[in-house]
Amino acid sequence: MQHWLLKSEPDCFSIDALRKAKKQTTCWDGVRNYQARNFLRAMKVGDRAFFYHSSCDPPAVVGVVEIVREAYPDSSAWNPDDDHFDPKASPENPVWSMVDVKLVEVFPRPVPLGELRSVKALADLELLRRGSRLSVHPVTAAEFRTIQQLGCG
DNA sequence: GCCAACGTTGGC
DNA sequence: GCCAACGTTGGC
């Protein structure tokens, strides 16, 4: 099983919105970066991912989700009314992919970015790399355990 | 709101 | 293929 981290701006889609969603499941659409897309395509059903709130105060890992459907075409890319519309994409040439994720747990104690930075075991975490902007990226099993323990208090 | 870092675009 | 200009991300 692989582990991942997924970023979302809570103003756009928060873990609370996922908690309230039908079946506590959502499609993770709107990724428009090739490297992030390729990670989406590498995901397998049963993989676990952190849900990270970015561009908010404080930025934090707020919970865990499970991949419940592997990559399929992101139809929002060819919807001109969508914020992430991409004229390159079409049903014949989807370009972008999404997966479905289901809520596993909302952390009783969100783990803020500043705290992650203070943990030695997380020194190599992609999220903490200088200038890192990747909205989807892998996390090692050890990093996953460490962060999950912090989130459970 | 600022700005550093990054990715993409497009002229050459 | 280079690289400058531009747009975006995201922490602060």
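Fair warning: this is a prediction, and the values are worked out from it, not measured in the lab. Values below: every heavy atom of this structure, side chains too, minus hydrogens, waters and symmetry copies. Below, read A as the first sequence line, B as the second, and so on, with proteins coming before strands; counting in each chain starts at 1.
Look at NE2 on A/H53: it is 17 Å from P on C/dC12, rounded to the nearest Å. When rounded to the nearest whole Å, the span between CG of A/D86 and C1' of C/dT8 equals 14 Å. Per the geometry, CG belonging to A/L125 stands 13 Å off P belonging to C/dG11, to the nearest Å. Rounded to whole Å, atom P of C/dT8 lies 10 Å from atom CZ of A/R133. Rounded to whole angstrom, the span from the CG atom of A/L134 across to the C1' atom of C/dG11 amounts to 16 Å. For the pair A/H84 NE2 and C/dT9 C1', the computed distance is 12 Å after rounding to whole Å. Regarding A/N33, its CG atom lies at a distance of 7 Å from the P atom of B/dG7, rounded to whole Å. A straight line from CD of A/Q35 to C1' of C/dT8 spans 16 Å, rounded to a whole angstrom.
Here the two rings, on A/F50 and A/F144, have centers that are under 6.0 Å apart. Not less than 6.0 angstrom separates the ring centroid of A/W4 from the ring centroid of A/Y52.
Of the candidates B/dT9, C/dG10, C/dC12, B/dT9 carries the atom nearest the A/K88 side chain, counting heavy atoms from C-beta on. Ranking C/dG10, C/dC12, C/dT8 by closeness to the A/R117 side chain, first place goes to C/dC12.
With A/R37 contributing its side chain and A/V95 its backbone, the two residues share a donor-acceptor pair below 3.5 Å. Side-chain N or O atoms of A/D47 include one that pairs as donor or acceptor with a backbone N or O of A/K44 at under 3.5 Å.
Put simply, A/Y34 has no side-chain N or O that comes within less than 4.0 Å of OP1 or OP2 on B/dC6. Side-chain N/O atoms of A/K7 include one lying less than 4.0 angstrom from OP1 or OP2 on C/dG10.
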